[in-house]
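Notes follow the structure.
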Amino acid sequence: MTKLLNKNVKELLASEEFGQKVVVKGWVRTKRGNKNIAFVALNDGSVIHNIQIVIETASFEEELIRKITTGSCLCVEGILVASSGQGQKVEIQATDIIVYGTADPDVYPLQKKGHSLEFLREIAYLRPRTNTFGAVLRLRHAMSFAIHQYFNDRGFFYFHTPLITASDCEGAGAMFQVTTLDMNNLPLTPEGKTDYSGDFFGKQAALTVSGQLEGELGALALGKIYTFGPTFRAENSNTPRHLSEFWMIEPEMAFYEIKENMDLAEDFLKYLIRYALENYRDDLDFLCKMWDNELIDRLQFVLENDFVRLEYTEGVKILMESGQKFEFPVSWGIDLQSEHERYLVEKHFKKPVILTNYPKDIKAFYMKQNEDGKTVRAMDVLFPKIGEIIGGSQREEDYDKLLSRVQELGLSQESIWWYLDTRRFGTAPHSGFGLGFERLMLFITGMANIRDVIPFPRTPNNIEY
Ligand code: ATP
Ligand code: MN
């Protein structure tokens, strides 16, 4: 007996072992044909393309053939043959079929092609079975893998920071509280405030908005670290670029100054883009054709150009002199809106921009203060279509300067005494940044809404599955 080849669709499509008996399992995308012969396009998620199954209906029970409908799941045994059909090299002539699961055509929601992304969001539990989400999710895997690869190859250590924390110092956004107190019967202090002493951790706790503060502790011991985990922000901003639960990559490097931080950010982003182009071209081509005709060009373009490096003050000047009418007017000191960031990137420079030296009042307390007393060594990387994709800085390593900033801003010294202590015990110049993983995915896939680059988006009023 010849052995049965058990390969996935991706492997079979690349195989040339014609005449070989194979088994393949997957979901039916389409079925067409006539009374005598049926052609089934089968997809198993391994690749964007389907494999064609040819079924001579006379060789099978009628009942079985009827059960093969869009969405049903099959196990097919057959012979791998060269295909004479268009657009495929191989197909399978079925000899044996098991229907693992039927999908009643009257109720299965993914009957036809070309569903809107809005509709697919409503059936997020099934949308991974579409071509679009298959491509997006494979690319999501690809980028996760490439991120680990990039850092591992360069001597960074993957450092795990806690998801539940007691510090709200990032000032990065509202936090989701974590508690085991009885919400219908909250214990109160004599002053009438919630008494957290009986709560699970004995004090108020929340989901983290960033792993950075703890990441710095890692860098000041291991040298170069990165985090890659979920973060949570309870800001009620219903935009196409914000999620309530998103993933963040945060490298943190001892002895890096702002310049090296920028070099790393640029090299890192280019590496990821190149990785996608070199390894997942089929998925990118599909997304380019379906949703964003300029996708491949845009990816190439970012790869081929140096990022512009510009001071905030210069950027504001350009915006003010642009003659462009913005919804939010521009003046020195404002926090730039995405319309401003995109003007600089898409209209003015037509290149990605790294903006540095922001006013200290609009940036976090931990950023290194410049000599001018007004600005801090922040760096935001701004991308076409996205706006801010990375936010980072050189960190303030001077204990007194850091402490005075904490006090100025009225932050709770008690909850970050451990962070301040790193500046008392062997402090060092260091830098880092945060890349929002889904912002990266927006750029890589060309999708327009951040809800479409994560399997199960969390946004205000949206937590069904
Ligand atoms: P923005 O101004 O775009 O709201 P931010 O300045 O609040 O972002 P940071 O605190 O600098 O963001 O976070 C670092 C990175 O995390 C950002 O550059 C962005 O890529 C990503 N990010 C921030 N907030 C979100 C969010 N709500 N959903 C998805 N990604 C986010
Ligand atoms: Mn930012």
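Not measured: the values here are computed from a predicted model. Atoms considered below: every heavy atom in the structure, side chains included; atoms not considered: hydrogens, waters and symmetry mates. Order of listing sets the numbers, starting from 1, for every ligand and every atom in it.
- A salt bridge (Lys or Arg N to Asp or Glu O under 4.0 Å) with Glu397 is found for one member of Lys368, Arg377, Arg423 and no other, namely Lys368.
- With respect to the salt-bridge test (charged N to carboxylate O, under 4.0 angstrom), the residues Lys259 and Asp263 qualify.
- The local environment of CD in Glu464 is sparse, with at most 12 non-hydrogen atoms from other residues, nucleotides or ligands closer than 6.0 Å.
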- Query: Checking side chain to side chain contact (heavy atoms under 4.5 Å, CB included) for the pair Gln324/Leu319: CA distance, chi angles, key distance, verdict?
  - Reply: CA-CA 8 Å; Gln324 181 85 9; Leu319 291 167; over 6 Å; no
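- With atom 31 (C) of ligand 1 as the reference point, the heavy atom nearest to it among Trp247, Phe246, Phe433 is part of Phe246.
- Nearest residue to atom 1 (P) of ligand 1 from Glu250, Gln337, Arg241, His242 is His242 (criterion: closest heavy atom).
- Ligand 1 lies within reach of Ile450, whose nearest heavy atom is under 4.0 Å from it.
- Considering only residues two or more places apart in sequence or on other chains, Tyr125 meets the side-chain contact (heavy atoms from CB on, under 4.5 Å) condition with Pro109, Ile123, Tyr465.
- Set against the non-hydrogen atoms of Glu235, the atoms of ligand 1 under 4.0 Å away are 27 (N).
- No part of Val209 comes within 4.0 Å of ligand 1, judged by heavy-atom distances.
- For atom 2 (O) of ligand 1, the nearest non-hydrogen atom from the set Arg439, Arg458, Glu388 belongs to Glu388.
- A cation-pi arrangement is absent between Arg154 and Tyr226, since the terminal nitrogen or guanidinium carbon is not both under 6.0 Å from the aromatic centre and inside a 45° cone about the axis.
- Contact atoms of ligand 1 toward Gly391: 18 (O) (distance under 4.0 Å to a heavy atom of the residue).
- The closest approach between any non-hydrogen atom of Arg233 and ligand 1 is below 4.0 Å.
- At least one N or O atom of Ile389, backbone or side chain, sits closer than 3.5 Å to an N or O atom of ligand 1.
- Atoms of ligand 1 found under 4.0 Å from any heavy atom of Ile390, numbered from 1 in the order shown, are 18 (O).
- With respect to Asp44 and Lys7, no salt bridge is recorded, no charged nitrogen being found less than 4.0 Å from a carboxylate O.
- The contact set between ligand 1 and Gly436, taken as ligand atoms under 4.0 Å from a residue heavy atom, comprises 15 (C), 16 (O), 20 (O), 21 (C).
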- Task: Would you sort out whether Asp267 and Tyr150 count as a side chain to side chain donor-acceptor pair (under 3.5 Å), showing the intermediate values?
- Result: CA-CA 10 Å; Asp267 186 61; Tyr150 179 86; 2.7 Å; yes
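- Each of the following atoms of ligand 1 lies closer than 4.0 Å to a heavy atom of Met248: 14 (C), 15 (C), 16 (O).
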